[in-house]
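The structure appears below as structure tokens.
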Amino acid sequence: MRELDPANGSIGPESSAANTGARRGALGFVTDVTLCIGCKACEVACKQWNDLPMDDLGLTGHSYDNTNDLGATTWRHVAFVEQFGQGRGSQSMSNAPGSNWLMLSDVCKHCVNAGCLEACPTGAIIRTEFDTVVIQQDICNGCGYCLPACPFGVPALSQTDGKAHKCTLCYDRLKDGLEPACAKACPTDSIQFGPIAELMPRARKRVTTLRERGVESAYIYGDRAVGGTGGISGLNAFFVLIDAPEVYNLPNMPELPQRKTMASYLTTIGTAVACGVATYLTLRNR
Amino acid sequence: MTSTYRRGWESRRGSGRSVEDASRTNYYGLPAIHKPHWNWLIIAYFFLGGLSGGSYAVGSIAGLFGDRESRKIARVGRYISFLALLPSPILLILDLGRPERFHHMLRVLKVRSPMSVGVWVLLIFGAFCSLSAAGQAAQDGLLGRRNGAARLLRALPGHVVGALGIGSGFALGGYGGTLLSATAVPLWTKNGVLLGPLFLLSAVSSATASITLVLSLARGTRPTTLARLERLESLALLSEVALLLFTQSRLGRTIARPLVKGRLGLIHHFGVLGLGLAAPLVLQYMAAFRGEAPSRVVTALASALALSGGALFRYVIVTAGRLSADDPRATFDLASGQSPTAW
Ligand code: SF4
Ligand code: SF4
């Protein structure tokens, strides 16, 4: 295991481009929680561009979050976390009443090694020329295997058409050289779109700035140190966060679910051999 | 995973906080991952597929190496496996969001996707299983005596077909567990490499139990045949119970919760472990201790219990997995980076 200077965290000297396994020319997002104002323009822009129907909304009581989760018709989801108590709030405002309001626009991570893609038995899920992960709607047969195979809970089956849906990183817009609708709509540039090779250094600079200004808990979620762990090798849609991943409903050190599949096959084959031998020994002619 | 790397929020957490504490932090208790929609269709398929694959393999081995009496085992095994196979593709197709597109599964073979591998296993096994059953039916005169097809099938070297199909039978019995383990669902993927073996053992015990049940009800089965089958059945049940308890003990409190708490916990303890696994073993060994062969009624009862235990086991594992997917604490415990997931 690599050792990083705790003071530098994921922006340490060792963590240049090698910090993510993103392929050459990969495009993606960085979503910066410290810039998000919770306006949900990204959710709306996503729905408009992608022709997604309205959700069956009600009041959840979860702060301003009435969508709760990513779904078949919600490909961007803004999470709202209200925090009260000691040590809450950014350091620069430590004399303020001690409250903090975190907002984060969650999205498909377009994993460098994607669990959903490896699971899909129809080959509907593909990696595009932009290194993004897209479900081909004319292929998917709604088997539902990609749902539990995503360590972040992103794809969902639609009740309407029976197929799996998730963010395509606006594949159609990328083809035309446009940036994705959510990034275009975001009024504070909390969502930024671009080549990973540019976004990663920019995010690291941002984390440095935040730490200098007293937000010492800032870090990148989605490099090989946090989030893009366990064989996932990095997220092409990564985040700048200021609290533990779980607070935003993100797993700390997720693993690629297919990591142990070969070992699993081997143990099963071993058991099959043992069963065969046992059957032979008990039922043979004596 | 021992990383000395620390994020800012970790120092705020304080080094004294346990994994349990850390993973208690969550987002309104909402699930962190999406569970599959799989319901009774898939549960029934896992059971029938296992039964089909298992009885084919057991029957074929008995037919290959057994005496004349063992032919009965082979014959019953072939019929059971064919009957259990018949509904399997229908259950699978009905479960799809778009059933009319089922054949899209046949576009690709992805070795890293157990579902893709399973589809092909089912296809190959289906061919072997149908061929064997047809051959058996022809021999039993069920297809008529004179016609060419029946004559052709009678000429089929049944043992060779059976021998070639054994592998696919076992594969069908075990791949369900592998399929579940290759997900982010905590209860399935923690100790995931043990789930395939567990499904396979359950398939073999169900298969043996069903063959025993049929033969114990049939007239003219020799007691020695039943005794041999019972020995195999108890062997499978014993290994199954041991592996199941071992797996469960290694899940950790948070992830194992659905297997322990509530209605499902009761079904697991009394249905699967009690009636399905322990009861048949006790019934069989009670007779053995008294030094006599168990009566046919006891044999039939033990087999029926083991069989229903196999079905309940599939139900419990699928349902418990879905519950654990809904529990963010389980997901965060799994992905804490601090609990070893080496298995
Ligand atoms: S976040 Fe989930 S849905 Fe998105 S690419 Fe990764 S595994 Fe697939
Ligand atoms: S639901 Fe569709 S996209 Fe998901 S794994 Fe199945 S076929 Fe692939």
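Reminder, nothing fancy here: chain letters follow the sequence lines and each chain counts from 1. No hydrogens, no waters, no symmetry mates; every other heavy atom, side chains included, goes into these values.
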Legend entry - Beyond-backbone contact of A:Tyr265 with B:Pro114, side-chain heavy atoms, under 4.5 angstrom: yes
Legend entry - Side-chain donor/acceptor of A:Thr267 to backbone N/O of B:Val193, under 3.5 Å: yes
Inset, instruction - Check whether any side-chain heavy atom of A:Leu157 lies under 4.5 Å from a side-chain heavy atom of B:His34, and answer yes or no. - result: no
Legend entry - Enclosure of A:Glu82 CD (heavy-atom neighbours >12, cutoff 6.0 Å): yes
Inset, instruction - For residues B:Phe170 and A:Ile269, determine if any side-chain heavy atom of one lies less than 4.5 Å from a side-chain heavy atom of the other. - result: no
Legend entry - Exam field: side chain A:Lys163 to backbone B:Arg98, donor-acceptor pair closer than 3.5 Å: no
Inset, instruction - To the nearest 0.5 angstrom, please state how far the OH atom of A:Tyr248 sits from the CG atom of B:Asn26. - result: 14.5 Å
Legend entry - Which portion of A:Cys146 sits near chain B, non-hydrogen atoms under 4.5 angstrom: neither
Inset, instruction - Would you confirm whether A:Lys260, through its side chain, and B:Ser181, through its main-chain N or O, come within 3.5 Å as a donor-acceptor pair? - result: no
Legend entry - Structural part of A:Ala274 lying under 4.5 Å from a heavy atom of chain B: neither
Legend entry - Structural part of A:Asp69 lying under 4.5 Å from a heavy atom of chain B: side chain
Inset, instruction - State, to 0.1 Å, how close A:Pro151 and B:Ala184 come at their nearest heavy-atom pair, and which atoms those are. - result: CA-CB, 3.6 Å
Inset, instruction - Select one option (side chain, backbone, both, neither) describing which atoms of B:Thr178 are under 4.5 Å from chain A's heavy atoms. - result: both
Legend entry - chain A contact via B:Ile42 - side chain, backbone, both or neither, heavy atoms under 4.5 Å: neither
Inset, instruction - May I ask you to check whether over 12 heavy atoms, not counting those of A:Phe80, lie within 6.0 Å of atom CZ? - result: yes
Legend entry - Heavy-atom pair count under 4.5 Å with chain A, highest-scoring of B:Arg101, B:His37, B:Arg107: B:Arg101
Legend entry - Per-residue contact mode, A:Ser63 against chain B (heavy atom under 4.5 angstrom): both
Legend entry - Student check: side-chain heavy atoms of A:Cys275 and B:Leu201 closer than 4.5 Å: yes
Inset, instruction - Just give me the residue among B:Leu64, B:Leu180, B:Val58 that pairs up with chain A most often, heavy atom to heavy atom, under 4.5 Å. - result: B:Val58
Inset, instruction - State, with a plain yes or no, whether a side-chain heavy atom of A:Asn285 is found less than 4.5 Å away from one of B:Ser70. - result: no
Legend entry - Choice from A:Gly276, A:Gly270, A:Gly115 maximising heavy atom contacts with chain B below 4.5 Å: A:Gly276
Legend entry - Heavy-atom pair of closest approach, residues A:Pro148 and B:Val185: CB-CG2, 3.7 Å
Inset, instruction - Mind checking the OH-OG spacing from B:Tyr175 to A:Ser264? Nearest 0.5 Å is all I need. - result: 14.0 Å
Inset, instruction - Given side-chain hydrogen bond (donor to acceptor under 3.5 Å, both in side chains), test A:Asp65 with B:Tyr27 step by step and report yes or no. - result: CA-CA 11 Å; A:Asp65 182 1; B:Tyr27 187 73; 2.5 Å; yes
Legend entry - Main-chain N/O of A:Thr60 paired to B:Tyr28 side chain as donor or acceptor, under 3.5 Å: no
Legend entry - Top contributor to chain B interface from A:Gly162, A:Pro121, A:Ala272 [non-hydrogen pairs under 4.5 Å]: A:Pro121
Legend entry - Part of B:Leu235 lying under 4.5 Å from any heavy atom of chain A: side chain
Inset, instruction - Look at B:Gly54, B:Ala32, B:Gly174 and state which one has the largest set of heavy-atom pairs under 4.5 Å with chain A. - result: B:Ala32
Legend entry - Validation row: A:Leu283, B:Leu232 side chains within 4.5 angstrom (heavy atoms): yes
Legend entry - Under 4.5 Å from any heavy atom of chain A - which part of B:Val111: both
Inset, instruction - Check whether A:Leu250 gets within reach of chain B through its side chain, its backbone, both or neither, counting any heavy atom under 4.5 Å. - result: backbone
Inset, instruction - Just say parallel, tilted or perpendicular for the rings of B:Phe65 and A:Tyr280, cut-offs at 30° and 60°. - result: perpendicular
Legend entry - Heavy-atom side-chain contact between A:Glu246 and B:Thr331 under 4.5 Å: no
Legend entry - Which portion of B:His104 sits near chain A, non-hydrogen atoms under 4.5 angstrom: both
Legend entry - side chain to side chain contact (heavy atoms under 4.5 Å, CB included) evaluation trace for A:Tyr145 with B:Leu179: CA-CA 9 Å; A:Tyr145 198 26; B:Leu179 186 154; 3.7 Å; yes
Legend entry - Part of A:Val273 lying under 4.5 Å from any heavy atom of chain B: neither
Legend entry - Toward chain A, the part of B:Leu106 with a non-hydrogen atom under 4.5 Å: neither
Inset, instruction - Heavy-atom distances under 4.5 Å only: say whether B:Ala57 touches chain A with side chain, backbone, both or neither. - result: neither
Inset, instruction - Among the options B:Pro197, B:Ser60, B:Ser116, pick out the one with the most heavy-atom pairs lying under 4.5 Å from chain A. - result: B:Pro197
Inset, instruction - Check each atom of B:Val119 against the heavy atoms of chain A and say whether the ones under 4.5 Å are side chain, backbone, both or neither. - result: neither
Inset, instruction - Find the distance between CG (B:Leu334) and CE (A:Met253) and round it off to the nearest 0.5 Å. - result: 12.5 Å
Inset, instruction - Output the option from B:Pro31, B:Gly66, B:Gly196, B:Gly173 having the highest count of non-hydrogen pairs under 4.5 Å with chain A. - result: B:Gly66
Inset, instruction - Select one option (side chain, backbone, both, neither) describing which atoms of B:Arg112 are under 4.5 Å from chain A's heavy atoms. - result: both
Legend entry - Point-to-point distance, once rounded to the nearest 0.5 Å, from OG1 of A:Thr271 to CG of B:Leu198: 9.5 Å
Inset, instruction - May I ask you to decide if B:Glu100's main-chain N or O and A:Asn141's side chain share a donor-acceptor pair within less than 3.5 Å? - result: no
Legend entry - Heavy-atom contact with chain A under 4.5 Å, split by part of B:Ile61: side chain
Legend entry - Check: A:His62 and B:Leu30 side chains under 4.5 Å, non-hydrogen atoms: yes
